[in-house]
Structures are given as C-alpha cells and as structure tokens.
Amino acid sequence: QQQVKQSPQSLIVQKGGISIINCAYENTAFDYFPWYQQFPGKGPALLIAIRPDVSEKKEGRFTISFNKSAKQFSLHIMDSQPGDSATYFCAGTQGGSEKLVFGKGTKLTVNP
Amino acid sequence: DVKVTQSSRYLVKRTGEKVFLECVQDMDHENMFWYRQDPGLGLRLIYFSYDVKMKEKGDIPEGYSVSREKKERFSLILESASTNQTSMYLCASSLLPRVGTEAFFGQGTRLTVV
C-alpha cells in the first residue's frame with residue numbers, strides 16, 4: 001500500500017507556540033521523507049526532508065522527528081509565527097522512484 | 001533561480017471542450033509531473049514523464065492525456081472537459097530519480113469547467 005496518512009487536517013496555533021503535524025506511512029521501502037510548504041496562491045516548495053537512518057533533523061525552527069519502527073514521522077515548528085501560516089504536506093518516496101506519495105495536507109493558521 | 005512556469009493562472013472552460021494546460025521548466029530536469037490538488041484530498045498524481053515522448057500514468061489518469069515533445073515542456077490535455085475536473089492543477093519537475101531529489105512546482109492553474 002502506498003498511502004501516507006497525515007493529521008490533523010487543520011491546526012490553529014498562537015504565535016510563539018509549537019505546531020505539530022503527524023504522518024504515518026505503510027510502505028517500508030520508502031527511504032526519503034520530505035515536507036513541502038505551500039502558501040496561498042503558490043505551488044508547494046520543499047521545506048525539510050529526512051532519511052530513515054536518522055531519528056531527527058533540525059533546520060532553524062523546523063524539526064522532523066522520525067520513528068522507523070512505528071512508521072511515523074512528524075514536523076515540529078517551534079516558536080510558530082504568523083508567516084508560517086500555510087498548508088504543509090508530508091510525503092514519502094522509494095529510492096529510484098520518480099514518484100512522491102503525498103499526505104492530504106494540513107492547513108496551519110498561526111494567530112498573532 | 002529554478003523555475004517551473006505554468007501558462008495560465010486561471011482558466012474557465014465549457015463542458016466538452018478540449019483543454020490544454022502548458023508547463024515549461026528551465027532547469028533541464030528529466031522528470032516532469034502533473035498533479036491535481038483538491039481540498040481534503042491533497043496532491044494526486046495524474047501523469048508523469050521521465051524523458052521526451054515517455055509518459056506513465058499516475059493515480060488518477062482517467063479523462064487526461066499528456067504530451068512531452070521537448071524536454072522542457074509538458075502539456076496536460078483534458079480531452080473533453082467535465083465539471084468534476086474543476087480543480088487546481090500543479091506541474092512539477094525534478095532531476096533523475098535518486099534519494100533526496102527535490103521536486104519544483106509551478107504556481108498552479110485553477111481550472112473551472114462550467
């Protein structure tokens with residue numbers, strides 16, 4: 001099965017809070033897990049990505065946590081800002097495959 | 001700066017019309033993709049192409065076809081538009097498959113079929 005399940009569908013956080021988006025995958029052959037960020041009126045853009053040989057990757061305020069045994073990974077946005085308000089997509093892909101399998105997206109709203 | 005350009009931001013077409021959505025990338029990427037984005041359904045792959053004149057069906061190819069005559073250009077064709085094809089269409093490109101390859105997206109074409 002190729003699905004990537006993402007939750008929640010929408011999330012409202014106060015400025016300065018922590019935003020957490022969760023994803024679960026089924027295909028154990030997946031070996032690359034990117035997160036894409038999409039602002040209104042724009043196409044998605046790569047935000048951060050992780051491979052399953054590490055449990056955590058941090059870039060600034062954005063952190064991916066990866067649990068290979070549970071087949072789950074999550075995006076944490078620390079000190080969330082109104083400018084982080086966007087739709088976030090997790091995805092998985094298998095090495096050598098052209099295709100990304102996307103979650104259904106999470107609309108994040110950060111209130112000032 | 002890398003760029004994927006979709007020819008139209010907004011399109012309104014009538015039921016039964018043949019519709020062409022055009023996409024051009026300037027990064028010399030081998031792979032190009034067409035996705036459809038609908039609220040609550042995320043990004044669904046319609047077709048992709050890994051080389052000129054080569055194409056493969058994605059998850060929802062019914063009612064669509066594609067054309068790739070040049071490396072930089074990938075067209076999505078709605079043979080006979082229907083109202084259930086009203087959606088946001090996103091084009092993307094990437095290099096040859098390898099772990100960590102980034103997909104670059106265009107800004108999208110919002111198609112309304114009336």
Side-chain angles (χ1 to χ4, degrees), chain A residues 1-11 21-25 27 29-54 57 59 64 66 86-108, chain B residues 1-6 8-10 21 23-25 27 29-51 54-61 68 74 88-110:
Chain A
Q1 188 71 346
Q2 289 281 324
Q3 279 187 330
V4 176
K5 295 182 180 178
Q6 183 172 348
S7 62
Q9 190 169 0
S10 63
L11 180 62
I21 304 170
N22 300 300
C23 287
Y25 64 98
N27 188 342
F30 282 171
D31 54 8
Y32 176 64
F33 299 89
W35 284 88
Y36 281 78
Q37 180 187 53
Q38 183 182 28
F39 293 108
K42 302 287 187 181
L46 181 66
L47 177 65
I48 187 172
I50 196 168
R51 300 182 188 187
D53 53 349
V54 298
K57 183 173 182 179
E59 291 184 1
I64 301 177
F66 191 86
T87 299
Y88 293 81
F89 294 96
C90 62
T93 191
Q94 182 177 345
S97 169
E98 298 89 350
K99 294 191 290 185
L100 286 163
V101 178
F102 285 94
K104 293 187 176 181
T106 296
K107 184 177 181 181
L108 172 65
Chain B
D1 198 14
V2 297
K3 203 157 189 178
V4 177
T5 303
Q6 295 182 230
S8 304
R9 291 295 304 274
Y10 301 95
L21 303 183
C23 175
V24 176
Q25 51 97 1
M27 296 165 282
H29 284 172
E30 288 81 8
N31 296 325
M32 295 189 75
F33 308 83
W34 276 105
Y35 290 90
R36 172 175 171 162
Q37 182 176 12
D38 299 288
L41 297 178
L43 299 168
R44 294 181 291 169
L45 182 63
I46 304 171
Y47 267 98
F48 72 97
S49 168
Y50 51 89
D51 200 354
M54 305 303 290
K55 62 185 179 183
E56 282 200 23
K57 293 180 180 179
D59 300 316
I60 52 164
R68 193 168 181 199
F74 192 35
M88 171 69 82
Y89 291 88
L90 289 162
C91 175
S93 71
S94 69
L95 290 166
L96 278 173
R98 62 175 188 269
V99 175
T101 297
E102 178 179 355
F104 294 87
F105 285 84
Q107 295 212 56
T109 296
R110 184 164 293 281

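It should be emphasised that the depicted structure is a prediction, and the values quoted were computed from it without experimental measurement. Below, read A as the first sequence line, B as the second, and so on, with proteins coming before strands; counting in each chain starts at 1. Heavy atoms only: backbone and side chains are in, while hydrogens, waters and symmetry mates are out.
- To the nearest 0.5 Å, atom CD of residue Gln37(B) and atom CZ of residue Phe102(A) are 9.5 Å apart.
- Across all non-hydrogen atoms, the minimal contact from Phe48(B) to Lys99(A) is CE2-CD, 3.4 Å.
- Of the atoms belonging to Phe33(A), not a single heavy atom falls under 4.5 Å from chain B.
- At a 4.5 Å heavy-atom cutoff, the contact between Arg9(B) and chain A is made by side-chain atoms alone.
- Leu46(A) approaches Glu102(B) most closely through the heavy-atom pair CB-OE2, 3.4 Å.
- Side-chain contact check for Leu100(A) versus Tyr35(B): some heavy-atom pair is nearer than 4.5 Å.
- Heavy-atom distances place the side chain of Gln38(A), and not its backbone, under 4.5 Å from chain B.
- Within the structure, salt bridge (Lys or Arg N to Asp or Glu O under 4.0 Å) pairs that include any residue of residues 38-49 of chain B comprise Arg36(B)-Asp38(B), Asp38(B)-Arg44(B) (at least two apart or interchain).
- Residue with the most contacts toward chain B among Ala49(A), Ala91(A), Gly43(A), Gly105(A): Gly43(A) (heavy-atom pairs, distance under 4.5 Å).
- In terms of heavy atoms, Leu43(B) sits closest to Pro44(A) at CD1-CG, 4.1 Å.
- Expressed to the nearest 0.5 Å, how far NZ of Lys42(A) lies from CZ of Phe105(B) amounts to 15.5 Å.
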